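Worksheet: one structure, shown below.
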There are 2 protein chains.
Amino acid sequence: MSSTKKPKQATRADVAKMAGVSESTVSYALTGVRPISDETRERIEEAMKTLGYVPNAMAQALASKKSGLLALLFPVGERGFDETDFEYVEAATAAAAEDGYQLLLWPNAVEDVASLRKIVAQGLVEGVLLMEVRAQDPRVEVLRDSGTPFCLIGRTDDSQDLTFVDADFSQWGPMALHHLLDLGHTNIGVISMSSDLLEAGYGPGVRTEKPLLDLAKRLGITITIKHAKATIRAGREAFEELTAEQPDITALIGFNEPALIGALEVAGARGINIPEDLSMLSFGISDEAENMTVPAQTTIGVDGRELGRMAAQYLVARLNGDKKSVLQYLTQPQFVDRGSTGLAPLGQK
Amino acid sequence: MSSTKKPKQATRADVAKMAGVSESTVSYALTGVRPISDETRERIEEAMKTLGYVPNAMAQALASKKSGLLALLFPVGERGFDETDFEYVEAATAAAAEDGYQLLLWPNAVEDVASLRKIVAQGLVEGVLLMEVRAQDPRVEVLRDSGTPFCLIGRTDDSQDLTFVDADFSQWGPMALHHLLDLGHTNIGVISMSSDLLEAGYGPGVRTEKPLLDLAKRLGITITIKHAKATIRAGREAFEELTAEQPDITALIGFNEPALIGALEVAGARGINIPEDLSMLSFGISDEAENMTVPAQTTIGVDGRELGRMAAQYLVARLNGDKKSVLQYLTQPQFVDRGSTGLAPLGQK
DNA sequence: CTGTTAGCGCCTTCAT
DNA sequence: ATGAAGGCGCTAACAG
């Protein structure tokens, strides 16, 4: 058996002995919390190097009450992780690492408040990042009275005094309308998410829809909305209903990725050219996912990486005792033109 | 300020005092490592409940040398996290959780061996999961002589005595050929990954290509391979070259997601119908990504979730002292028919 | 069945 | 500028 057994890690005591100093001096040399003579510092550093000393994370955490760990709470069973979610994770991980923190992935059902309470009580993590936040989210209360700092990606209805980062959904509709109106579209269809989601208070949905409708009315744009489940099939049906009701629609806004694919399929089958016959613009779909559709979709959406990064940074700010009364960030909508919108066809009445 | 301050967590000592027993008895009541009279157990449990006691993870880890944490080392900067990678993560997280372990996300450049060494020396994690394994992977040696148990997702060239899970790439080509041959295709194009990747020994590439070519030769199938970079543009060019060289191709195998999209675009522009005029089959693209293309692609690939799950389970097995000399797992290729392949058109000679 | 006693490896307040 | 000593909260022998 050439299998190497666990080599014993050098401990602070070993370093102290070898350098001929006390253990605490070694600690101070490490943290720089108090002045050390250059000479002893060198001896210590050399000892550390030859011993390959690395402070033990557990002991450090236990003694200092600082684990350097953050939890990223992500919901399981919901609608599963999608690509955008993943952008958060990656960006948050990187941002946390820059500040010396590691991210722990914690799969947790939103309703499972009991184990969340237990999890934070364990004292493993210093702070928590929450994904897939609901309008009324039971996890918030648990975290709040556990005293653990946390930051939401998304927000609750009642989040004035919470730390969060979110997309500024209220701007999506107006931005889309301006873009389409500039191209001459005045009769626009929308394939949005299911009514169930909206009625459940799903933030992106409710925050987007009203400003869109309000502005359309003021601008005199005709809007026809269809709510569809998040399936390709539902998208096909929605598109068919939409075009039956409003044959003169010249542009389509989608806020429902799978349904949009369905609409694309039907349009393709009917020989509708995009953007010559119909302009398409889609909301909130991640860059990569959107590149997959043929043709690629012009998009107004959220920069997942920015959100993830900001979330981690805000959380760390809280940990470092940032006393700003409020730490909240709304990302500007991200417009990516992939050529699926164009001038409105003429002669549509 | 109604802001709740960190409530002091009850400690084992508190429980012991309240229950009128010694501290160690509390521990034993928790772990069940030694018999406790029903009566004292009840007193203890009640005390725990009223105090809301939860064992401190750090202290537990320090004393027992078991943190309950696993690291998932994922490479940054490479080609970025894609959706399939994410399936590993999600599945591994879930599987680890079932065994009582948490997954720590550790972004780490493959070459950054120094910080990897440091990371494991910290003693934070009990084991490591490695993603994006290279044919020659410097991280393996570091882990091996750190004595930290680890499991690869993928494998190195020299992995006889390593613990790993990987797809059985050698079967992909044959499976694809059989499928296409059954439909009457004997002149097949391949848009594969860049030669750079292959020359660097990228496992999925090299392990797939040779068996594919070998079997094609034996079956008398004409294969024309184009290597393209992972971009849509490169895919367009590859497809154009391919069809210029071999106008009689009736089927196309893609092993390069973005390039495949490019090929699809060109095909669409030329009015080539799939699968009537051209059958398409794609390798190793994740389910979700594949559903995004229009038309959807028939795929031979890997079940990312299975891999992630197995990886976590194998690692935990190692941690639990599973002495099986070898723990290695190859997943069967996963064939998903999405209708992009069909009978070869006639009269192509 | 239960209690006592060392640690685990490090941080930190007190001394000097 | 440096040491000594007392925890942090828990595990795991060692004693009854």
Side-chain angles (χ1 to χ4, degrees), chain A residues 6-45 47-48 51-69 100 118 120-126, chain B residues 6-45 47-48 51-69 100 118 120-126:
Chain A
K6 201 125 199 161
K8 223 152 297 309
Q9 258 295 129
T11 161
R12 195 186 55 164
D14 300 329
V15 177
K17 200 183 307 166
M18 178 174 245
V21 296
S22 83
E23 292 192 32
S24 58
T25 303
V26 176
S27 288
Y28 290 122
L30 237 13
T31 62
V33 174
R34 87 185 185 188
I36 304 268
S37 78
D38 286 358
E39 192 231 350
T40 51
R41 147 163 292 120
E42 275 171 31
R43 285 216 314 285
I44 291 177
E45 282 175 351
M48 295 199 302
L51 291 174
Y53 171 73
V54 177
N56 178 287
M58 293 306 172
Q60 217 165 329
L62 179 59
S64 68
K65 309 263 168 223
K66 287 183 187 320
S67 65
L69 297 178
K118 194 161 173 180
V120 295
Q122 285 186 134
L124 220 205
V125 301
E126 296 181 48
Chain B
K6 203 123 195 161
K8 222 152 298 314
Q9 256 298 128
T11 164
R12 197 186 54 162
D14 301 330
V15 178
K17 200 184 306 165
M18 178 175 246
V21 298
S22 84
E23 294 193 29
S24 59
T25 302
V26 176
S27 289
Y28 291 123
L30 239 11
T31 63
V33 174
R34 86 185 186 188
I36 304 270
S37 76
D38 287 357
E39 193 229 352
T40 50
R41 149 164 289 120
E42 275 171 31
R43 286 216 314 285
I44 292 177
E45 282 176 350
M48 296 200 300
L51 291 174
Y53 171 72
V54 177
N56 178 288
M58 296 305 175
Q60 219 166 332
L62 178 59
S64 67
K65 308 261 170 226
K66 287 182 188 317
S67 65
L69 297 178
K118 195 162 175 180
V120 295
Q122 284 185 136
L124 221 206
V125 301
E126 296 181 48

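Each chain gets a letter, A, B and so on, in the order the sequences are listed, and its residues count up from 1. Since the model is a prediction, treat every value here as computed from it, not as a measurement.
- Rounded to a whole Å, the NZ atom of A:Lys17 is 14 Å from the C1' atom of C:dG9.
- Among the heavy atoms of the strands lying under 4.0 Å from B:Ser27 is at least one base atom, whether or not backbone atoms are also near.
- Looking at heavy-atom distances under 4.0 Å, B:Val26 makes no contact with the nucleic acid at all.
- For the OP1/OP2 pair of C:dT2 and a distance below 4.0 Å, the side-chain nitrogens and oxygens of B:Thr40 include at least one atom meeting the criterion.
- Interface remark: the A:Tyr28 side chain does form a donor-acceptor pair with the C:dT13 base, using a distance-only criterion of under 3.5 Å.
- With C:dC10, D:dC14, C:dT4 as the choices, the nucleotide that has an atom nearest any side-chain atom of B:Arg34 turns out to be D:dC14.
- When distances run from any side-chain atom of B:Pro55 to the nucleotides D:dC10, D:dC8, C:dT12, the shortest one goes to D:dC10.
- Comparing C:dC10, C:dG3, D:dT2 by their closest approach to the side chain of A:Ala59 singles out C:dC10.
- Across all strands, A:Val33 comes closer than 4.0 Å to no nucleic acid atom at all (heavy-atom distances).
- Among the nucleotides D:dC10, C:dC11, C:dT4, the one closest to the side chain of A:Ser64 is C:dC11.
- For A:Asn56, whose side chain is taken as the heavy atoms from C-beta onward, the closest listed nucleotide among D:dG9, C:dC1, C:dC10 is C:dC10.
- For the pair B:Thr25 and C:dG3, the criterion of a side-chain N or O lying under 4.0 Å from OP1 or OP2 is met.
- A:Arg12 has its CZ atom 7 Å from the C1' atom of C:dC11, to the nearest Å.
- Note: A:Thr25 OG1 to A:Arg41 CZ = 11.0 Å, rounded to the nearest 0.5 Å.
- For B:Ser37, taking side-chain heavy atoms from C-beta onward, the closest of the listed nucleotides D:dG9, D:dT2, C:dT2 is C:dT2.
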